[in-house]
Amino acid sequence: MRFSQEREGGVLILRLEGQLMGGGEAEEVRDLLLSSIDQGTSRILLDMGEVSWVNSSGLGILIAGHLAARQRGGTMKLMNVGSRIDSILNVTRLSTIFEVYETEEEARRSLQGSNA
Amino acid sequence: MRFSQEREGGVLILRLEGQLMGGGEAEEVRDLLLSSIDQGTSRILLDMGEVSWVNSSGLGILIAGHLAARQRGGTMKLMNVGSRIDSILNVTRLSTIFEVYETEEEARRSLQGSNA
Amino acid sequence: MDQVIQLAIPSRLELLPVLDRLVQGIAEQMDFSEDEADAIAISVIEAGTNAIQHGHKKDASKTVEFRFNLNPDHLQVVVRDTGPGFDVDAVLSSDPTRPEDLMKSSGRGIFIMRQMMDRVDFAIRPREGTFVYLRKSKDVNGRGVAPA
Amino acid sequence: MDQVIQLAIPSRLELLPVLDRLVQGIAEQMDFSEDEADAIAISVIEAGTNAIQHGHKKDASKTVEFRFNLNPDHLQVVVRDTGPGFDVDAVLSSDPTRPEDLMKSSGRGIFIMRQMMDRVDFAIRPREGTFVYLRKSKDVNGRGVAPA
Ligand SMILES: Nc1ncnc2c1ncn2[C@@H]1O[C@H](COP(=O)(O)OP(=O)(O)O)[C@@H](O)[C@H]1O
Ligand SMILES: Nc1ncnc2c1ncn2[C@@H]1O[C@H](COP(=O)(O)OP(=O)(O)O)[C@@H](O)[C@H]1O
């Protein structure tokens, strides 16, 4: 699990790479999400394009981010979700919770339009 | 290990795919090589483009084909050799024995020009 | 007997990707489809995660054992930890997809295994530990992934 | 002790690709470069091939054991079969790259291991079997592949 971050117009874009499976670097993603939200950045876009794998611990991290952003009146959205991860989101019904965008443009537009 | 064969102008083109590591299907490659040569096809081109891996047993199969073709006055050449396999050929000095071509055109031309 | 692959790893979550690689290799060797291979891999990883996290409390000196039985028509995987076990019935009767549970940050591992595999069984044996049995058949409606 | 991964497989050459996957995963986990990972994988495969072919004569009921010791600065792999062993000195003194041996269809496995790894040692122990020790260090001139 590697990640890089960008900030643009009040939106935090977090690009994840590898396996989001809990332990080590995956916990750094949780910490970064929660501390950014704590510091006031509550509009977050997770780029899942390079994520090959998510297990239930990884899903827990996504949920933690989602809840924290919402508590601050913001929102966390996903983009570039591959078919493997899409199937896990479907199986666990988390697809009904996370907003998923196909393209970066759409995702950014939806977040920058919001007033969080 | 999977393979497919083509015959063109007296040349047998064998396209290998996967890991050439001895056992099972790799032995089928040996059998095909030796029986084709036995039946008079002694100009052979091995397409290694989709071969991800060769171990010492796989090298033994290549050598068996090379020797059998030569005994019939023919020749066996390689093309599309990736860097992993190239390094094994170098380490074992088999690079001094096998003729390796970069492109299919070159390889075919060299074989069709020969009179084996 | 001649189709058993055994793996033993220390209880470290960082090793799960290594497990993923091995399982994908075994699934490929058995000619499972890519979807099926993914389903098997994630299930074994979930079972391994539970063994490390709940069974061994991440004590790296404790070993998690994986036993892969490669049969012509199915794969069986047994995951073993030496922890105290848990109340299986209670866990099996909970459903993490109920609207009120959907936001819980945990409690999905066993559910995912049961969605992805044909059979999931548990055995808690005093002094021996906790055993998870995962089974996936070949072809028979090759459902690697549950419908949305 | 908490960095040991163990694998046991039946003596079937068809399982070598599974071994390849596991070794690549371990090498990746240890942050070896791709060239180094390839070098390690092919060496472990050669040792496994010998254990299956020479040590166990492909008797699938016999198990080959692999022990991976993950250390901060190096990986050590021990490959064990329960066969009778062989004359190590005789094999080590032969060189498959000599012009007169170049066309031999076998006799390259141990040579490849020695080119690819930093250290290769053997132990033949009565009643215990044949042990091959392979060692690869990190960074120190990261030579995954010998020069042409
Ligand atoms: N190997 C195990 N040893 C002890 N307890 C376990 C084990 N596997 C599962 N459990 C228990 O079952 C519960 C549900 O597990 P699971 O569905 O995987 O979700 P999660 O691990 O996210 O809690 C765990 O919280 C734990 O209490
Ligand atoms: N694990 C083993 N058990 C018994 N004999 C072995 C073992 N490993 C190697 N040998 C012997 O050493 C020889 C050289 O091995 P190697 O260099 O790998 O080449 P190859 O396997 O192609 O013969 C083998 O032919 C065999 O006689």
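All chains are named by letter (A, B, ...) in the order of the sequence lines, taking the proteins before the strands, and each is independently numbered beginning at 1.
- The two residues B:Q19 and D:P17 come nearest to each other via the heavy atoms OE1-CB, 2.9 Å.
- The number of heavy-atom neighbours closer than 6.0 Å to CD of D:E34, taken from other residues, nucleotides and ligands shown, is 12 or below.
- Within 6.0 Å of the CZ atom in B:R15, the count of heavy atoms belonging to other residues, nucleotides or ligands exceeds 12.
- The contact list for residues 59-69 of chain B toward chain D, using heavy atoms and a distance under 4.5 Å, reads B:L59, B:G60, B:I63, B:H66, B:L67 by residue number.
- Contacts between residues 73-81 of chain D and chain B, defined by a heavy-atom separation under 4.5 Å, are made by no residue at all.
- For chain B, no part of D:K58 is nearby; none of its heavy atoms comes within less than 4.5 Å.
- With a threshold of 4.5 angstrom between heavy atoms, B:R70 approaches chain D through side-chain atoms but not through N, CA, C or O.
- Annotation: side chain of B:L94 is in contact with side chain of D:R108 (closest heavy-atom distance under 4.5 Å).
- For the set D:L13, D:L102, D:I112, the count of heavy-atom pairs under 4.5 angstrom toward chain B peaks at D:L102.
- No donor-acceptor pair closer than 3.5 Å links the side chain of D:E46 to the backbone N or O of B:N55.
- At a 4.5 Å heavy-atom cutoff, the contact between B:T96 and chain D is made by side-chain atoms alone.
- Here the CG-OG distance, from D:L16 to B:S57, works out to 7.5 Å after rounding to the nearest 0.5 Å.
- Of the listed residues (D:E14, D:M103, D:Q53), the greatest number of heavy-atom pairs within a distance under 4.5 Å of chain B belongs to D:M103.
- Only the side chain of D:T49 has a heavy atom closer than 4.5 Å to any heavy atom of chain B.
- Residue B:M21 holds its CE atom at 6.0 Å from CG of D:D20, rounded to the nearest 0.5 Å.
- To the nearest 0.5 angstrom, D:I110 atom CD1 is 9.5 Å from B:S56 atom OG.
- At a threshold of 4.5 Å between non-hydrogen side-chain atoms, the residues B:T92 and D:P96 do not count as touching.
- Shortest non-hydrogen contact noted between D:I45 and B:W53 is CD1-NE1, 3.2 Å.
- The minimum heavy-atom distance between D:I42 and B:I88, with the atom names listed, is CD1-CD1, 2.9 Å.
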